[in-house]
Amino acid sequence: MNVTHNEAFALLEKIDNILILTHRSPDGDAVGSMFALYYALKEMGKNVRCIIDTVSTALSFPVCEEAFTEFNEEYVVTVDVADKKLLTEETLSLYGDKVYLAIDHHEANKPFAENMLLDANASAACEVIFDMLEGAGKEISKKTAEALYLGVATDTGCFRYPNTTAHTLYVASELVSKGAPNGEINRIVFETKSRAYVQFETLAMNSLKTYFDGKCAVIVITQDMYKRTGTSEADTHSIAALPRQIEGVLAGVVIKEKKDGTYKVSVRTNEPVSAAEICETFGGGGHRLAAGCELSGRQTEVVNAVLKVIGEALKDI
Ligand SMILES: [Mn+2]
């Protein structure tokens, strides 16, 4: 059942012993929305805990160890999860069919929870949570504001992407006024690169190839590149934005080899190309200009399969 912001808050007020989950390979919005909700519920006197995959160092400032203290939960809430398949393998098998409330902002959301608060106009799950808390008249603490700012800033590419609305900027303004150190967070998240990451980026950029008169650019990441540079998938998220930064590119693709030999594909597009439609062909999804999917097969087969679909999408442009 779909619920409004106010109804979702009323549900949360009524329950206790809450477990919060987010999607695997957590990005800034996953971390931010999880911990913003954690702090807000703690401040309401609730017993709350979280389960999350490895978080990259740059995104880890909202994380607190206390949130991982185990207890038997009564209710499960997900944040920023568009499809239960995006939970980790373990949380999917334990809680996939037991989610009481899902809070999300993905247009392509595949409903899986008993109650769903979905606002597809929101730039980030963090924007949805801000609206819910503000609408309920709940005071937003500095800690909650910091976590919410992380999600809103990362899902909008630091307020550069077209999903940044006037309302998004209002939310950011409120968060800054409540104490979110925007300059410092922006520096840590968007400006700072580790030496290992710079080496990784060099290898990744060397793999870049363009197709269809330069309208499509593809980077292929192998497990060997992580090994050679001492990086991991968790701390190389920002690579997904690079191919689309090239002038004339309408579809930027990053194909990452996973440990099990399958491939994770991130697609970033510019209008009029829809990343979500490209990824839906392979059972994935996401937002219109940023989406993902997973494929298996040999590397060349995966690249060719993705290029074929992108070729179709670019045909009449
Ligand atoms: Mn998000």
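All values below were derived from every heavy atom in this structure, side-chain atoms included, with hydrogens, water molecules and symmetry-related copies excluded. Counting starts at 1 for both ligands and their atoms, in listed order. Residues: numbered from 1 along the sequence shown.
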Would you kindly say whether Tyr197 and Ser238 are connected by a side-chain donor-acceptor distance under 3.5 Å? yes

Give a yes-or-no answer on whether the side chains of Glu43 and Ser141 include a donor-acceptor pair shorter than 3.5 Å. yes

Across all chains, not counting sequence neighbours, the side chain to side chain contact (heavy atoms under 4.5 Å, CB included) partners of Asp27 are His23, Asp29, Ala30, Asp80, Asp155

Residues joined to Val220 in its hydrophobic cluster, side chain to side chain under 4.5 Å directly or through other members, sorted by chain and number, are Tyr211, Phe212, Val218, Leu250, Val253, Ile255, Tyr263, Val265, Val267, Val273, Ile278, Phe282, Leu295, Val302, Val303, Val306, Leu307, Val309, Ile310, Leu314, Ile317

Show all protein N/O/S atoms under 2.8 Å from the Mn ion (ligand 1), or state that there are none. Asp29 OD2, Asp80 OD1, His105 NE2, Asp155 OD2

Give a yes or no on whether a salt bridge exists between Lys264 and Glu257, defined as a side-chain N under 4.0 angstrom from a carboxylate O. no

According to salt bridge (Lys or Arg N to Asp or Glu O under 4.0 Å), who are the partners of Arg244, at least two apart in sequence or on a separate chain? none

